[in-house]
A.B. asks: 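My questions all concern the structure below.
Start at 1 and go down the list; that is how both ligands and their atoms are numbered.
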Amino acid sequence: MGVYTLQETIFRNARRAGLSEIGEVDISVLRHEGWVRKLCEENACRNYSTNWACPPAVGTLEECRERCRSFDHMLLFNKVYTLRDSYDLEGMYDSMRMFRHTVDRFDWFVGSLFSRKLFLANGACGNCPKCAWPDEPCRFPDRLHHSIEGYGFNIMKLAEHAGIEYSHGYKTITLFGALFYCE
Ligand code: SF4
């Protein structure tokens, strides 16, 4: 059996967890864009201020920027799901729920390999029937994955930097997450 580099090990485990694609993004190109955060604040997905994974709980864009910049590496990953058609809302919600489980699995597989890590996933946290936000601390901080959109990332641009596909066409939804880490 060969000896794998850390990145090869991460990529192999991304496939093992069921992710579709993964690629590296240079931390220096990251932009936390106000218009994306504004979509959160306008409650476009109805999760604003409802849980510890979304704004405002994840902090200001400046705090998100500082947090991201404290890591040495960033990997962007995705998973493609099939929908019945473009109006398949149930399929979209199911995909989002399944994606969060896939990110959990990826975290279980590789989380112990790093001195520090931060996983971002798609949208709100759904671990508890009712989130403890804002009255109590998160009940499962080890399983809390902040929303990638909440950090103000333009996912289309990130996908371009990572060399992975943003969209896989009609009757599909492609969901994204990220891993920041220090060795
Ligand atoms: S794990 Fe529970 S308490 Fe923590 S953010 Fe998720 S839903 Fe909220």
A.B. asks: Can you tell whether the side chains of Glu66 and Arg69 come within less than 4.0 Å, N to carboxylate O?
C.D. replies: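 Salt bridge absent between Glu66 and Arg69.
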
A.B. asks: Taking the six-membered ring where the residue is Trp, are the ring centres of Phe119 and Phe106 under 6.0 Å apart?
C.D. replies: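 Phe119 vs Phe106: aromatic centres under 6.0 Å.
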
A.B. asks: Step by step, would you call Lys157 with Glu160 a salt bridge (charged side-chain N to carboxylate O under 4.0 Å, His left out)?
C.D. replies: CA-CA 5 Å; Lys157 279 191 197 161; Glu160 217 176 285; over 6 Å; no

A.B. asks: For ligand 1, list the protein residues that place a heavy atom within a distance below 4.0 Å of one of its atoms, sorted by chain and number.
C.D. replies: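 Ligand 1 is contacted, at a heavy-atom distance under 4.0 Å, by Trp52, Cys125, Asn127, Cys128, Cys131, Ala132, Cys138, Arg139, Phe140, Leu144.
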
A.B. asks: Using a cut-off of 6.0 Å, state whether more than 12 heavy atoms not belonging to Tyr87 lie near its atom OH.
C.D. replies: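 Count not over threshold, so no.
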
A.B. asks: Can you tell if the side chain of Phe180 reaches within under 4.5 Å of the side chain of Asp72, non-hydrogen atoms only?
C.D. replies: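 Counting from C-beta outward, Phe180 and Asp72 never come under 4.5 Å.
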
A.B. asks: Please list, chain by chain and in numerical order, all residues satisfying side-chain hydrogen bond (donor to acceptor under 3.5 Å, both in side chains) with Glu165, sequence neighbours excluded.
C.D. replies: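 For Glu165 there are no side-chain hydrogen bond (donor to acceptor under 3.5 Å, both in side chains) partners, ignoring immediate neighbours.
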
